[in-house]
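Structure record follows, encoded as structure tokens.
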Amino acid sequence: MENVNEQIKIRREKLSDLQAMGKDPFQITKYDVTAHSSDVKKLFEEKEAELKSEIDASLSEEEQAEALAALWETNKLTFAVAGRMLLKRVMGKASFATITDLMGNLQVYVTRDSLGVDDYQLFKKYDIGDIIGVKGYAFRTRAGEISLHAEELVLLTKSLQVLPEKHHGLTNTDMRYRQRYVDLIMNPEVKDTFVKRSQILKEIRNFLDGRGFMEVETPMLVSNAGGAAARPFETHYNALDEDVKLRISLELYLKRLIVGGLERVYEIGRVFRNEGVDTRHNPEFTLMELYQAYTDYEGMMELTESMFRYLAETVVGSAVIEYQGTVIDMSKPFERITMVDAVTKYSGVDFNNVTSDEEAKKLADEHHIEYEDRHKKGDIINLFFEKYCEEHMVQPTFVMDHPIEISPLTKKKPSDPNYVERFELFIYGREMCNAYSELNDPIDQRARFAAQEEAFAAGDEEANHTDEDFLNALEIGMPPTGGIGYGIDRLVMLLTDSAAIRDVLLFPTMKSVDK
RNA sequence: GCACCUUUAGCUCAGAUGGUAGAGCAACUGACUCUUAAUCAGUGGGCCCCGGGUUCGAGUCCCUGAAGGUGCACCA
């Protein structure tokens, strides 16, 4: 059902009228834009400074202004600019309009005398939201605003819908996400966020390129969705008559490439997890994983710290940034603490003194932490960490040496096989990345998969499944390797000071509305 | 999944105690050749989220449902 209100009807009539007089905007195929709004302002200011320098400074202010006006008469800067008209002020035979393009806004001065009676009459009928092309010369209005004096003006696209109100813009979150294009038109800070997101991705690639990494692409449709603890989306591949899943991580394929000798690889790609939606989770999100041969998690800590600092400096302009009112300092070396020490520090419970799963569960009971029967000491430590520690990890902190039970793809610590060489970086209480010294012992890996299968049988729907081809790759031989996974959306949230993951996703997942 | 909140004109929002639905912007008509959320005069515009109930009468009270937001739970 098409929703046609009075205003829309009027716009369609205006379009029909234009078409009837042979001025159908939709027949126009191109417009030669010579400048963005920002270019007009910048070039005008430069020229203005140049012209002013030619004027005798001993003249009175009035005389100088006259001299400048005279100089402009012979030095006009002409531009062709295109954009959407967002404001319009008609004063009889002269008008001002504000148009917006990728780089910002520009005021356009339109008069009957410059445009001619016919075109000026047409212009008066144009609506807010219409896209116009304007050719003219730059000047400064009496109020001092650099503007474009229109000599030619053409309607490039007729907008048949009504844009939100100019004062408040579009605030309805539902509509902002469902009609992001309107959000982008009305809310400049939204546009800035997505421009920044693009810069962040570009700078990540720059940074990794500088360290000799190559970007690769691996399958999204897989038969065994492994490498993380999450429930996958399932679908069916008709040609193969086979059920497949959407990937939940990039890990197991990228490690195969390390086996293949690519040495330093990364992938930035969408992964899919069949879980809830909230301010920090979207079912499809962007993960970056990288793997580097011949290094370990220490090397990954160095890389992570350098990369975060580099991104903050290049994208935000400083390694000290503000997120939701809190200063986050990435200029100093990041804090390091083991998970067990963190739990001791914030909960007072020292798991170094805990020798059995039963003892761990008893402690959990005493601290009102819910757990499942299948949970072991390592799982309990993790639950303690989540309850007592995460919120304190505001400044960048590497939490290291996780229990082996929750780390099926990670190398054991040589000094204590109950723990692994792993770290997560926390900033503002949020996990920003997850890294390890990669487990490359195929016999140990097989045993870990077996433990995961047991967990799955015991009710852990998110446990990994044995991946025989991955095991085969490890048997071929993977060098000692360090690897990391970064949640790109959370990184973008941090660097753009965005409160919700939806604010950094152009089209966040929404429930469909039946009409 | 649970709790709380929101849903009224194209947009942003008002609508105590139940009694014919309002404003600003936007639109339309007119005036206006330097405006800045332009101004001035006038006009039109509504499935009050859907469905049921109570009532003489429901935007308002009650119930079911939908979508969205926030928090919690879940998510290493």
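No hydrogens, no waters, no symmetry mates; every other heavy atom, side chains included, goes into these values. Below, chain A is the first sequence line, B the second, and so on; all start at residue 1.
Distance A:N187 CG to B:A37 C1': 15 Å, rounded to the nearest Å. Protein atom CE of A:M393 is 18 Å distant from nucleotide atom P of B:A76, rounded to whole Å. If you measure from atom CG of A:L170 to atom C1' of B:A26, you get 14 Å, rounded to the nearest angstrom. Note: CZ (A:R176) to C1' (B:U7) measures 17 Å, nearest angstrom. In this structure, A:E390 atom CD and B:C74 atom C1' are separated by 13 Å, rounded to whole Å. Separating the CD1 atom of A:I10 from the P atom of B:A9 is a distance of 18 Å, rounded to the nearest angstrom. Taking atom CD1 of A:I501 as the reference point, atom P of B:U70 lies 12 Å away to the nearest angstrom. For the pair A:D460 CG and B:A76 P, the computed distance is 9 Å after rounding to whole Å.
Using a 4.0 Å heavy-atom distance criterion, A:Y120 is classed as making no nucleic acid contact. Contacts of A:A230 with the nucleic acid, taken as non-hydrogen atoms under 4.0 Å apart, are absent. Across all strands, A:T279 comes closer than 4.0 Å only to sugar-phosphate atoms, never to a base (heavy-atom distances). Using a 4.0 Å heavy-atom cutoff across all strands shown, A:Y109 reaches at least one base atom of the nucleic acid. At the heavy-atom level, A:M175 lies under 4.0 Å from the strands shown only through sugar-phosphate atoms. Here A:P403 lies out of heavy-atom contact (under 4.0 Å) with every strand. Using a 4.0 Å heavy-atom distance criterion, A:R140 is classed as making no nucleic acid contact. Using a 4.0 Å heavy-atom distance criterion, A:N172 is classed as a sugar-phosphate-only contact. In this structure, A:R112 reaches the bases: a heavy-atom distance under 4.0 Å links it to at least one base atom across the strands shown.
A donor and an acceptor atom sit less than 3.5 Å apart, one in the side chain of A:T141 and one in the base of B:U35. Below the 3.5 angstrom threshold, one finds no donor paired with an acceptor across the side chain of A:S95 and the base of B:U33. If you check distances only, the side chain of A:Q107 does reach the base of B:U35 with a donor-acceptor pair under 3.5 Å. The base of B:A26 sits with one of its N or O atoms less than 3.5 Å from a complementary donor or acceptor on the side chain of A:Q7. For B:G44, its base sits under 3.5 Å from the side chain of A:E6 at one donor and acceptor pair at least.
For the pair A:R231 and A:E461, the salt-bridge criterion is met [side-chain N within less than 4.0 Å of a carboxylate O]. Ion pairing between A:R178 and A:D174 holds under the 4.0 Å rule for side-chain N and carboxylate O. With respect to the salt-bridge test (charged N to carboxylate O, under 4.0 angstrom), the residues A:K255 and A:E251 qualify. Between A:R247 and A:E267 there is a salt bridge, with a side-chain nitrogen of the basic residue lying less than 4.0 Å from a carboxylate oxygen of the acidic one. For the pair A:R270 and A:E284, the salt-bridge criterion is met [side-chain N within less than 4.0 Å of a carboxylate O].
Taking 4.0 angstrom as the limit, A:N382 places none of its side-chain polar atoms (N or O) nearer than this to OP1 or OP2 of B:A76. Checking the phosphate oxygens (OP1, OP2) of B:A38, a side-chain nitrogen or oxygen of A:R89 falls inside 4.0 Å. Contact annotation: A:K88 side-chain N/O to B:A27 OP1/OP2 distance is not under 4.0 Å. Considering only side-chain N and O atoms, A:K511 lies under 4.0 angstrom from the phosphate OP1 or OP2 of B:A67. In this structure, A:K125 reaches the B:U29 phosphate: one of its side-chain N or O atoms is under 4.0 Å from OP1 or OP2. OP1 or OP2 of B:C13 has at least one side-chain nitrogen or oxygen of A:T171 nearer than 4.0 Å. A sub-4.0 Å separation between OP1 or OP2 of B:A31 and a side-chain N or O of A:K124 is absent. Between A:R502 and B:G68 there is no side-chain polar atom (N or O) within less than 4.0 angstrom of OP1 or OP2.
Taking the side chain as every heavy atom from C-beta outward, A:Y388 and A:V343 never approach each other to under 4.5 Å.
Ring geometry for A:H465 against A:F456 counts as perpendicular: the plane angle is over 60°, on a 0 to 90° scale with 30° as the lower cut. Below 30°, between 30° and 60°, or above 60°: for A:F398 and A:F334 the angle between ring planes is between 30° and 60°, a tilted geometry.
B:U54 and B:G18 are spaced 12 Å apart, taking the C1' atom of each and rounding to whole Å. One C1' atom belongs to B:G24, the other to B:A38, and the distance between them is 16 Å to the nearest Å. Separating the P atom of B:A67 from that of B:A16 is a span of 29 Å, rounded to the nearest Å. Distance noted for atom C1' between B:U20 and B:G57: 11 Å (whole Å). B:G45 and B:U60 are spaced 24 Å apart, taking the P atom of each and rounding to whole Å. Between B:G51 and B:A14, the two P atoms lie 24 Å apart (nearest whole Å).
Helical stems involving RNA chain B, defined as 3 or more consecutive Watson-Crick or G-U pairs under 3.5 Å, span B:1-7 with B:66-72, B:10-13 with B:22-25, B:27-31 with B:39-43, B:51-53 with B:61-63.
Checked against B:C34, B:G69, B:A38, the side chain of A:L87 finds its nearest nucleotide in B:A38. Listed nucleotides B:G68, B:U12, B:U36 differ in distance to A:E145; the shortest reach to its side chain belongs to B:U36. Here B:A27 is the nucleotide among B:A27, B:A73, B:A76 with the atom lying nearest to any side-chain atom of A:I128.
Partner A:T111 forms a side chain to side chain contact (heavy atoms under 4.5 Å, CB included) with one of A:H149, A:M91, A:K93 and no other, that one being A:H149.
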